[in-house]
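Heads up, the thing below is written out as C-alpha cells.
All values below were derived from every heavy atom in this structure, side-chain atoms included, with hydrogens, water molecules and symmetry-related copies excluded. Being a predicted model, the structure only gives us computed values, none of them experimental. Residue numbering restarts at 1 for every chain, and letters A, B, ... go by the order of the sequence lines.
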Amino acid sequence: MSDIKVRFAPSPTGYMHIGNTRTAIFNWLLAKKLGGKFMLRIDDTDKERSRKEYEDAIRESLTWLGLKWDEEARQSARVTRYQEVTARLLAAGRIYPCYETAEELDIMRKKLMTKGLPPIYDRSALKLTAEQIALYEKEGRKPHYRFKLIDGDIVWNDLIRGECRYDAAKLGDPVIIRADGSYLYHLPSVIDDFDFGITHIIRGEDHVTNTAAQIQMFEAIGGKTPVFGHLPLLTGAEGKLSKRLGSVGVLDLREQGIEAMAICSYLTKLGTSDAIEPFYDLQSLADTLDFNKLGRSQPKFSEADLAHFNTHLVRNMPYSFVADRIDSDETFWNAVRGNLTIVSDYKQWKNICRCAVTPIIEDAAFLSVAAELLPAEPWNEDTFSSWINEIKNRTNRKGKDLFHPLRKAITAMDDGPELKILLPLIGYSRVHSRLNGIAA
RNA sequence: GGUCCCAUCGUCUAAUGGUUAGGACAUCACCCUUUCACGGUGGUAAUAUGGGUUCGAAUCCCGUUGGGAUCACCA
C-alpha cells in the first residue's frame, strides 16, 4: 500500500454543487489511481455559517456519487491541537496580534485602492509599543492574529500549472485567528494536512495565493509540503463564474434523473483533451486520469450539455448497471434503453407492455385488417416481418404510412423502440385488442 | 489598482518553428432499420488583434484588446 493520501475538505456552509463536486472527484480519482487513501475532512471553523444539515447533504452527495472515504476528521474537534501549534508559532514570532477593527481595516483597504496600491495589510501591529497594546486591551479590544510571511519568492511545482512563483512581499499576512479566538481556515488546514499525512492537494485555482501563504505555514510547522494541483475554475455559459453555477446542486441533478456516473464522467473529462464519453465505473475513469491532459483555460459548464450527455450514457448503459434499480429484466432493458432520456422513463414502456393502454386510432379500417392478420402465438423471429408483409400486400401501404398507425395504435406513442422488438413484450392479446381500438 | 492565469471550429481541445490546422460533442446530409428513435458514414465550421524574431509563426518575444482569479476577522 502506498502512503498516498488525499482529502476533500468542504465547509458545511452549503450544499455540494458542481464546483465542489469536481474537486472531490479529482481528489478521489487521484487516490484511486495511485492506490492511496481518500479522506473526508469537515472544515467547520466558521461556526456562524456551518450547519449539520449541509454536512449531512455533503455525505449523502459523496455516497451517491460513489466517492467513498476511508477516513474522516472534523476541524471543530481539533482546536486544542491548533492552539498548541499556535503557541509555538507565536513564540517564534511567526504569529502576531493585531488590534484593528474590521471597519478600520476596510477603510485602510479602500484608501490603498484609491491610491492605486495593493490593498495589503501594512503590518503596523508589529510596531505597536507595549503601552499602545495596553491601551487597546484597556479599551476592551481583543486581538486577532496574523501569520507573518517571510519576504522572498515562494515557488512550487504545480501538478496542473507547472512552476508557480509568488513574491511573498506582495501577498499580505493572512489573519488566522479571529478576535473571538476562533480559527480561520488557513492554519488549521495546514496542521491537519500535516498531521494526517496528506500528500496531494487538488483544489480550485481560486486557492493559488492561499497555497503560497500555506507553503510558508508548512515550513513554519516543520512539515513537508504536499504536492499541489490547481484546477482551472469552471465558468457558466456567459463566461462569468456565475452564482448560478454554485446553485447547481448534485442532489438536484440526481432529482432530475442525472446519473452519478454522468456527473463523474462529464466533470473529469470537461476541460481535458480526452473525449467526453460515458464511463460506467469509477475505477476505469481513474485509470484515465492524467493531469497533463487538462488545459489551463476555464471550461464552460453547461447543464444542458450535461443532460444531453446523461441521455447518451443512459442509452448505452449495460443492464448490470441498473439491475438493482429497475424491476424489469435484461431483455426489456435492452429493448427500451435506446429510447430513454433518464432511467426512470423505463416505467412508461413497462406500462405500455404490461398495463392497459388506450390506443390512438387514426384509421380504424386499416388497423382492423392488421388485427385480423395478426398471427396467433407462439411468435418467433420471423413472425413480425411476415405479418407486416401480409398487411403490406393486403393494403398496399408501406414505409411511414404502414408503420406509424400501427405504432400509435399499439403503443399510443409517436416514437419508441422497434415494433419488432416491442411486440413480443406486449403479447398477442393486448396487441390484438389495441388494433381493434379497445383499451387493453 | 497590485499580483497571477488564460485566449484555436458553437463547445472541450490537439498540433512543444514546417500539418490540406487533427479529434470529440453539438449541428447538417446521407445510409441502415420496410416508421420514429438507436446505430453507421460523410460534410460545414477555428488560430482575438498589431508589431517584431525567422527562409518559415497557431506555436517564440513585445504591445493592444478581451476574459478570469486573488488581494475577507469565508473556505
Side-chain angles (χ1 to χ4, degrees), chain A residues 9-14 20 43-46 48-50 75 98 100-102 105-106 109 112-121 142-146 161 164-167 169-172 174-186 188-189 203-210 212 230 232-233 235 237 239-241 266 269-277 293-302 304-305 308-309 312 315-316 335-341 384-385 388-389 391-392 397-408 411 413-421:
Chain A
S11 62
T13 55
N20 279 350
D43 279 14
D44 57 350
T45 53
D46 188 341
E48 295 295 306
R49 300 194 304 150
S50 295
Q75 294 195 318
C98 304
E100 299 85 356
T101 64
L105 289 171
D106 200 42
R109 267 193 294 272
L112 289 167
M113 285 281 259
T114 54
K115 272 198 233 165
L117 293 168
I120 288 171
Y121 181 61
K142 294 265 183 266
H144 59 278
Y145 293 83
R146 289 182 187 264
R161 326 180 96 211
C164 294
R165 182 180 296 270
Y166 281 86
D167 181 359
K170 287 175 177 147
L171 248 32
V175 175
I176 53 161
I177 303 175
R178 297 183 182 88
D180 68 3
S182 66
Y183 281 81
L184 278 105
Y185 123 99
H186 300 86
S189 178
R203 52 188 356 183
E205 211 174 49
D206 50 337
H207 278 286
V208 277
T209 50
N210 288 334
H230 294 87
L233 263 20
T235 66
K240 267 257 184 195
L241 179 78
Y266 184 81
K269 292 308 176 188
L270 182 66
T272 71
S273 51
D274 283 332
I276 300 177
E277 57 182 358
K293 288 185 173 172
L294 263 168
R296 294 259 251 140
S297 55
Q298 305 178 333
K300 292 182 178 64
F301 170 82
S302 151
D305 284 354
H308 190 273
F309 174 73
H312 180 57
R315 289 180 173 177
N316 292 287
V336 303
R337 67 174 181 176
N339 287 82
L340 306 179
T341 299
F384 182 78
S385 51
I388 290 295
N389 273 323
I391 302 172
K392 194 176 151 190
R397 291 201 190 204
K398 58 181 181 179
K400 194 171 179 175
D401 290 338
L402 173 64
F403 280 86
H404 211 62
L406 294 175
R407 173 179 292 286
K408 283 188 121 169
T411 67
M413 299 285 289
D414 274 324
D415 49 42
E418 264 190 85
L419 285 177
K420 184 180 178 175
I421 295 171

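Taking atom C1' on both B:rU34 and B:rU27, the two are 28 Å apart, rounded to the nearest angstrom. Straight-line distance between the P atoms of B:rU35 and B:rC30: roughly 14 Å, to the nearest whole Å. Nucleotides B:rA21 and B:rA48 have their P atoms positioned 15 Å apart, rounded to a whole Å. Rounded to the nearest Å, the gap between the P atom of B:rU59 and that of B:rU19 is 13 Å. To the nearest whole angstrom, the two P atoms, one in B:rC5 and one in B:rC62, are 12 Å apart. Taking atom C1' on both B:rC12 and B:rU47, the two are 16 Å apart, rounded to the nearest angstrom. Using atom C1' as the reference point in both B:rC32 and B:rG39, the two lie 8 Å apart (nearest Å). Atom C1' of B:rA26 sits at a distance of 29 Å from the matching atom of B:rU49, rounded to the whole Å.
In the set B:rC71, B:rU35, B:rC73, B:rC73 carries the atom at the smallest distance from any side-chain atom of A:His144. When each of B:rA75, B:rC73, B:rG1 is scored by its nearest atom to the side-chain atoms of A:Val175, the top-ranked nucleotide is B:rC73. For A:Asp46, the side-chain atoms get nearest to B:rA75 when compared with the rest of B:rU70, B:rC73, B:rA75. Proximity note for A:Pro119 (side chain, C-beta onward) versus B:rC73, B:rG1, B:rA75: the nearest is B:rG1. Set against B:rU3, B:rA75, B:rA72, the side chain of A:His186 has B:rA75 as its closest nucleotide.
In this pair, A:Phe301 and A:Tyr266 present their aromatic rings perpendicular. The plane angle is above 60°, beyond the 30 to 60° band.
Rounded to an integer number of Å, the gap from CZ of A:Arg203 to P of B:rU70 is 13 Å. Here B:rU33 presents its P atom at 14 Å from NZ of A:Lys398, a figure rounded to the nearest Å. In this structure, NZ of A:Lys142 is placed 15 Å from C1' of B:rC73, rounded to the nearest angstrom. Here the P atom of nucleotide B:rA75 and the CG atom of A:Asn20 are 14 Å apart, to the nearest Å. The interatomic distance linking A:Tyr266 (OH) with B:rA26 (C1') rounds to 11 Å, in whole Å. Straight-line distance from the CZ atom of A:Arg178 to the P atom of B:rA72: 15 Å, rounded to whole Å. Taking atom CD of A:Glu205 as the reference point, atom P of B:rG68 lies 13 Å away to the nearest angstrom. For the pair A:His230 NE2 and B:rC6 C1', the interatomic distance rounds to 16 Å; values are reported in whole Å.
Here the closest non-hydrogen pair linking A:Thr45 and A:Leu184 is OG1-C, 4.2 Å. The minimum heavy-atom distance between A:Pro119 and A:Arg109, with the atom names listed, is CB-CG, 3.8 Å. Between A:Arg315 and A:Arg337, the shortest heavy-atom contact is CG-O, 3.3 Å. Residues A:Ala335 and A:Ile421 approach most closely at CB-CG2, 3.4 Å, considering heavy atoms. Of all heavy-atom pairs between A:Leu233 and A:Glu205, the closest is CD1-N, 3.4 Å. Minimum interatomic distance between A:Pro299 and A:Gly271 (heavy atoms only, all atoms of both residues): CG-CA, 3.8 Å.
Side-chain atoms of A:Asp106 never come within 3.5 Å of backbone atoms of A:Ala102 as a donor-acceptor pair (strictly under, hydrogens ignored). Looking only at distances, a side-chain donor or acceptor of A:Arg296 sits under 3.5 Å from a matching main-chain atom of A:Arg161. Counting only distance, with no hydrogens or angles, the side chain of A:Ser189 and the backbone of A:His186 share no donor-acceptor pair below 3.5 Å.
Heavy atoms of A:Lys392 sit under 4.0 angstrom from at least one base atom. Residue A:Thr45 is classed as a sugar-phosphate contact, given heavy-atom separations below 4.0 Å to backbone atoms only. Note on A:Leu171: nothing from the nucleic acid sits closer than 4.0 angstrom, heavy atoms only. Within 4.0 Å (heavy atoms only), A:Val208 reaches no atom of the nucleic acid at all. In this structure, A:Arg109 reaches the sugar-phosphate backbone alone: every heavy-atom distance under 4.0 Å involves primed, P, OP1 or OP2 atoms, never a base. Nucleic acid contact for A:Tyr145: none, since no nucleic acid atom lies under 4.0 Å from a heavy atom of the residue. At the heavy-atom level, A:Asp106 lies nowhere under 4.0 Å from the strands shown.
For A:His308, a side-chain nitrogen or oxygen approaches OP1 or OP2 of B:rA26 to under 4.0 Å.
Under the 4.5 Å side-chain criterion, counting only non-hydrogen atoms from C-beta, A:Leu112 is not in contact with A:Ile120. Under the 4.5 Å side-chain criterion, counting only non-hydrogen atoms from C-beta, A:His207 is in contact with A:His230. In this structure the side chain of A:His144 reaches within 4.5 angstrom of the side chain of A:Leu105, judged on heavy atoms.
Within the shown strands, B:rU49 is the pairing partner of B:rG63 under the Watson-Crick or G-U definition, both distances less than 3.5 Å. Nucleotide B:rA57 forms a pair with no other nucleotide shown, judged by Watson-Crick or G-U wobble geometry with both contacts under 3.5 Å. Across all strands shown, B:rA15 forms no Watson-Crick or G-U wobble pair with both distances under 3.5 Å. Remark: B:rA29 base-pairs with B:rU41. Criterion, Watson-Crick or G-U wobble with two distances under 3.5 Å. Base pairing annotation: B:rA69 forms a Watson-Crick or G-U wobble pair with B:rU3, both donor-acceptor distances under 3.5 Å. Of the nucleotides present, none pairs with B:rC36 by Watson-Crick or G-U wobble criteria with both distances under 3.5 Å.
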Report, one pair per line, the protein and nucleotides 57-60 of chain B atoms (nitrogen or oxygen only) whose separation is under 3.5 Å.
none

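Mapping A:Leu117 and A:Arg397 onto RNA chain B by nearest heavy atom places A:Leu117 at the nucleotide closer to the 5' end. Projected onto RNA chain B by closest heavy-atom contact, A:Glu100 and A:Leu402 fall at different nucleotides, the more 5' of which corresponds to A:Leu402.
Side-chain atoms of A:Gln75 and A:Tyr183 form no donor-acceptor pair, as typed in the model, at a separation below 3.5 Å. When only modelled atom types and interatomic distance are considered, A:Ser182 and A:Arg178 share a side-chain donor-acceptor pair under 3.5 Å.
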Practice item. Produce a footprint string for nucleotides 11-16 of chain B: one letter per nucleotide, 5' end first; B if the base is under 4.0 Å from any protein heavy atom, S if only the sugar-phosphate is, - if neither. Key: -SSS--
Practice item. Let me have a per-nucleotide readout for nucleotides 37-48 of chain B, 5' to 3', with B, S or -, counting only protein heavy atoms under 4.0 Å. Key: BS----------
